[in-house]
Enquirer: 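Here you go, one structure.
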Amino acid sequence: MKENLPEGLKSIGTIMSNFDRGIEADAQEQLKAGGVYGEYTAWNFWAAVWWDGEFKAMIKQYCNHVNTLASDTLQGIMDEASEYYG
């Protein structure tokens, strides 16, 4: 599935990173409040993460949109993205 980041959302900066497998403490609540997206940085990809009834992550590699992941939790997004994209 390739779903694009909805237009009009404002970035709240980096909320997830594969460097330390970290997720900002209040990231889920901020995304669920709406109107924003967070950035997920990793060695082999970059993702925009937002809430749309579930968490979604638009995965990009070398500026190309390769997939959109969905999960009930940010940890689920991180686990799946890490498994498939590094």
Enquirer: Are any non-hydrogen side-chain atoms of Gln75 and Asp79 less than 4.5 angstrom apart?
Expert: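 Touching, per the 4.5 Å side-chain cut-off.
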Enquirer: Look at the side chain of Thr68 and the backbone N and O of Glu3, then say whether any donor-acceptor pair between them is shorter than 3.5 Å.
Expert: yes
Enquirer: Output all residues satisfying side-chain hydrogen bond (donor to acceptor under 3.5 Å, both in side chains) with Thr14, sequence neighbours left out; order by chain, then residue number.
Expert: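 Scan of Thr14 (side-chain hydrogen bond (donor to acceptor under 3.5 Å, both in side chains), adjacent residues dropped) gives none.
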Enquirer: I'd like to know if the side chain of Asn18 reaches the main chain of Thr41, judged simply by a donor and an acceptor atom lying under 3.5 Å from each other, with no hydrogens or angles considered.
Expert: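 Here the side-chain-to-backbone pair does not exist.
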Enquirer: Applying ring pair (Phe, Tyr, Trp, His ring centres under 6.0 Å), which residue pairs with at least one partner in residues 59-86 are found, sequence neighbours left out?
Expert: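 Of all non-adjacent pairs touching residues 59-86, none passes ring pair (Phe, Tyr, Trp, His ring centres under 6.0 Å).
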Enquirer: The criterion is side-chain contact (heavy atoms from CB on, under 4.5 Å); which residues satisfy it with Glu24, sequence neighbours excluded?
Expert: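 With sequence neighbours excluded, Glu24 shows a side-chain contact (heavy atoms from CB on, under 4.5 Å) to Ile15, Asp26, Ala27, given in chain and number order.
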Enquirer: What about Ile23 and Val36, same hydrophobic cluster or not, with Ile/Leu/Val/Met/Phe/Trp/Tyr joined at side-chain heavy-atom distances under 4.5 Å?
Expert: yes
Enquirer: Suppose we screen for ring pair (Phe, Tyr, Trp, His ring centres under 6.0 Å). Which residues come up paired with Trp51, at least two apart in sequence or across chains?
Expert: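 Applying ring pair (Phe, Tyr, Trp, His ring centres under 6.0 Å) to Trp51 gives Phe55.
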Enquirer: Any side-chain heavy-atom pair from Met58 and Trp50 closer than 4.5 angstrom?
Expert: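 Counting from C-beta outward, Met58 and Trp50 do come under 4.5 Å.
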Enquirer: With sequence neighbours excluded, give me every ring pair (Phe, Tyr, Trp, His ring centres under 6.0 Å) pair touching residues 10-45.
Expert: Tyr40-Phe45
Enquirer: Is the shortest heavy-atom distance from the side chain of Lys56 to the side chain of Leu69 under 4.5 Å?
Expert: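 Not in contact.
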Enquirer: Under a 3.5 Å distance rule, please check whether Asn64 uses its side chain to pair with a backbone N or O of Val66 as donor and acceptor.
Expert: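 A pair under 3.5 Å: no.
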Enquirer: Working to the nearest 0.5 Å, report the span between CG of Asn67 and CD of Gln61.
Expert: 9.5 Å
Enquirer: Are Ile12 and Ile77 grouped together when hydrophobic residues (ILVMFWY) are joined by side-chain heavy atoms under 4.5 angstrom apart?
Expert: yes
Enquirer: Does either side chain, that of Glu39 or that of Ser11, offer a donor lying less than 3.5 Å from an acceptor on the other one?
Expert: yes
Enquirer: The criterion is salt bridge (charged side-chain N to carboxylate O under 4.0 Å, His left out); which residues satisfy it with Glu54, sequence neighbours excluded?
Expert: none
